[in-house]
Amino acid sequence: MSDSPSQLVIKAVTLAARRAPNGWQRVTRGGYTPAERWVVTFDDGTRAFAKVGTVERVGEWLRTEHRAYRDIAGQFMPQLLGWSDTPVAALLLEDLSDGFWPPPWSEDRVARIRAMLDEVAATRCPPWAPAADEIELFTGWSDIALDPAPFLSLGLATRAWLDAALPALIRSERPPEIAGDRLLHFDVRSDNICFTADRTLLVDWNWIARGNPLLDVAAWLPSLATEGGPLPEEVEPDAAIFAPALAGYFCSHAPLPRVEDAPHVRDVQLEQALTSLAWAARSLGLPPPDGPRFVRIS
């Protein structure tokens with residue numbers, strides 16, 4: 001990976017900023033998509049974060065994300081500084097390099113996220129955002145029932161445990177409580193969260209949706225526990241209604257083939273599969289998963 005941008009990236013960012021950067025620093029932390037990420041500096045010393053879609057699927061995500069930054073107003077939103085879709089999609093946001101990106105977690109940081117998610121839920125949702133209950137993300141356990149082998153290959157549960165647990169997991173994989181009309185980020189996890197002195201921000205809005213705001217809280221809790229934070233039920237007991245749905249998503253996606261452009265995605269999904277599967281079992285009164293690679297988090 002080069003430390004210098006291609007001419008394609010330079011042109012796209014220059015058009016988005018309406019001026020040419022004179023400094024480029026590649027960002028390697030965070031992000032699981034093949035978007036190119038740069039901190040760019042201009043002649044007057046100001047900086048911006050540039051996210052560039054050099055492949056078409058990333059371009060589509062960036063177009064959705066640009067609409068979200070354009071249409072949502074809130075202190076939790078980074079400032080939109082520029083946009084261009086020529087020759088490829090390029091999104092410019094305020095530079096948050098000096099912010100704190102968790103983990104580690106503390107009680108204060110957990111409380112700040114809860115307050116920020118309350119603000120998200122109280123913010124007007126753009127009418128174009130898709131309904132969360134219509135997005136095909138909540139079929140994980142039905143998919144596993146059709147072909148259990150990939151999930152079993154993770155070593156999180158034995159076939160006997162899965163056979164006994166599947167009926168309850170399938171019944172709970174798409175709870176009606178998903179529906180709603182509130183703004184959802186739909187991808188709340190640590191690499192999409194930044195703390196500054198007086199703001200708590202959410203980035204990466206390409207999964208924007210509308211639904212039950214408790215779903216955003218629930219989606220954050222498995223990664224929080226994985227990163228040394230409290231167990232999900234210690235943060236929000238009511239979010240357990242979504243535990244089987246989240247576990248189905250992670251457990252069905254973690255064993256999929258490696259994504260060449262985003263090689264760490266499956267590792268992250270496996271970590272969250274472990275936590276969310278244990279949470280789902282607790283929420284449904286099932287025995288703990290019994291696979292050789294299952295590690296109980298307490």
Side-chain angles (χ1 to χ4, degrees), residues 1-102 116 120 126 128-129 183 185-208 259-265 268:
M1 183 180 294
S2 173
D3 289 332
S4 300
S6 67
Q7 289 301 310
L8 184 72
V9 169
I10 292 173
K11 182 175 181 179
V13 172
T14 298
L15 288 172
R18 298 184 180 180
R19 52 179 174 162
N22 64 4
W24 296 77
Q25 180 180 354
R26 186 183 288 274
V27 177
T28 57
R29 180 201 182 279
Y32 298 109
T33 70
E36 289 202 24
R37 298 168 176 84
W38 299 86
V39 172
V40 296
T41 306
F42 299 100
D43 287 338
D44 60 2
T46 59
R47 299 185 305 183
F49 171 72
K51 193 173 180 182
V52 185
T54 53
V55 296
E56 179 54 29
R57 57 178 169 161
V58 176
E60 292 182 8
W61 294 334
L62 288 179
R63 292 177 194 109
T64 298
E65 194 171 355
H66 170 241
R67 292 182 74 187
Y69 287 118
R70 183 192 64 194
D71 294 349
I72 299 171
Q75 286 295 306
F76 53 85
M77 297 293 286
Q79 183 182 0
L80 175 64
L81 300 179
W83 166 257
S84 177
D85 210 352
T86 304
V88 292
L91 179 67
L92 261 65
L93 304 172
E94 66 175 292
D95 176 31
L96 297 171
S97 300
D98 295 332
F100 174 81
W101 299 76
M116 179 266 290
V120 171
W128 52 265
L183 173 64
H185 178 273
F186 219 46
D187 195 19
V188 182
R189 59 176 194 262
S190 62
D191 61 300
N192 289 336
I193 294 167
C194 179
F195 296 101
T196 67
D198 58 353
R199 297 166 67 199
T200 305
L201 299 108
L202 268 177
V203 302
D204 286 2
W205 281 85
N206 57 293
W207 281 104
I208 179 176
V259 181
E260 291 302 321
D261 290 331
H264 303 300
V265 167
V268 172

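Worth saying up front: this structure is predicted, and the values here are computed from it rather than measured. FYI, side chains are in, hydrogens and waters are out, and symmetry mates aren't considered; it's all heavy atoms of this structure.
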Next item on the list: Begin with the C-alpha distance, continue with both residues' side-chain angles, and end with the deciding distance and a verdict on ring-ring contact (aromatic ring centres under 6.0 Å, His included) for His185 and Trp207.
Entry: CA-CA 6 Å; His185 178 273; Trp207 281 104; over 10 Å; no
Checklist line | Step-by-step side-chain contact (heavy atoms from CB on, under 4.5 Å) determination, Val13 to Trp38 | finding: CA-CA 10 Å; Val13 172; Trp38 299 86; 5.8 Å; no
Margin query: Show, in sequence, the C-alpha distance, side-chain angles and deciding distance for Arg63 and Asp85, and conclude whether the side-chain contact (heavy atoms from CB on, under 4.5 Å) test is met.
Written below: CA-CA 8 Å; Arg63 292 177 194 109; Asp85 210 352; 2.8 Å; yes
Item checked: Full working for side-chain contact (heavy atoms from CB on, under 4.5 Å) between Arg47 and Gln25 -> CA-CA 11 Å; Arg47 299 185 305 183; Gln25 180 180 354; 5.8 Å; no
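Annotation: side chain of Met116 is in contact with side chain of Leu202 (closest heavy-atom distance under 4.5 Å). Counting only heavy atoms from C-beta outward, the side chains of Asn206 and Leu62 never approach each other to under 4.5 Å. With contacts defined as side-chain heavy-atom distances shorter than 4.5 Å, the pair Thr196/Asp98 does not qualify. A heavy-atom distance below 4.5 Å is not found between the side chains of Leu201 and Ile193.
In this structure, Arg70 is not positioned above the aromatic face of Trp83 in the sense of NZ or CZ being under 6.0 Å from the six-membered ring centre and within 45° of the axis.
For the atom pair Leu80 CG and Arg67 CZ, the distance stands at 14.0 Å (nearest 0.5 Å). Residue Arg18 holds its CZ atom at 11.5 Å from CG of Leu92, rounded to the nearest 0.5 Å. The distance from atom OG of Ser6 to atom NZ of Lys11, rounded to the nearest 0.5 Å, is 12.0 Å. Between the CD1 atom in Ile10 and the CG atom in Leu15 there is a gap of 12.0 Å [rounded to 0.5 Å]. With rounding to the nearest 0.5 angstrom, the CG atom of Leu96 is 10.0 Å from the CD atom of Gln79. Note that the CG atom of Leu93 and the CZ atom of Arg37 stand 11.5 Å from one another [nearest 0.5 Å].
We find that Arg19 and Asp43 are not joined by a salt bridge, their nearest charged nitrogen and carboxylate oxygen being 4.0 Å or further apart.
Not a single donor-acceptor pair under 3.5 Å links the side chain of Arg57 to the backbone N or O of Val55. Using a distance-only test at 3.5 Å, with no hydrogens or angles considered, no donor-acceptor pair links the side chain of Asp204 to the main chain of Asp187.
Gly53 and Val88 make their closest contact through O-CB, 3.4 Å (heavy atoms, listed as atom of the first residue, atom of the second, distance). When all heavy atoms of Val203 and Tyr69 are compared, the pair lying nearest together is CA-OH, 3.6 Å. Summarising the geometry of Pro126 relative to Ile72, their closest heavy-atom pair is CG-CG1, 3.8 Å, with the distance given to 0.1 Å. Taking every heavy atom of both residues into account, Ala68 and Trp205 meet most closely at CB-CB, 3.7 Å. Residues Gly59 and Ala89 share a closest heavy-atom pair of CA-CB, 4.0 Å. Here the closest heavy-atom approach between residue Ala90 and residue Ala16 is recorded as O-CB, 3.8 Å.
Every residue two or more places apart in sequence or in another chain that forms a side chain to side chain donor-acceptor pair (under 3.5 Å) with Arg199 is listed here: Glu94.
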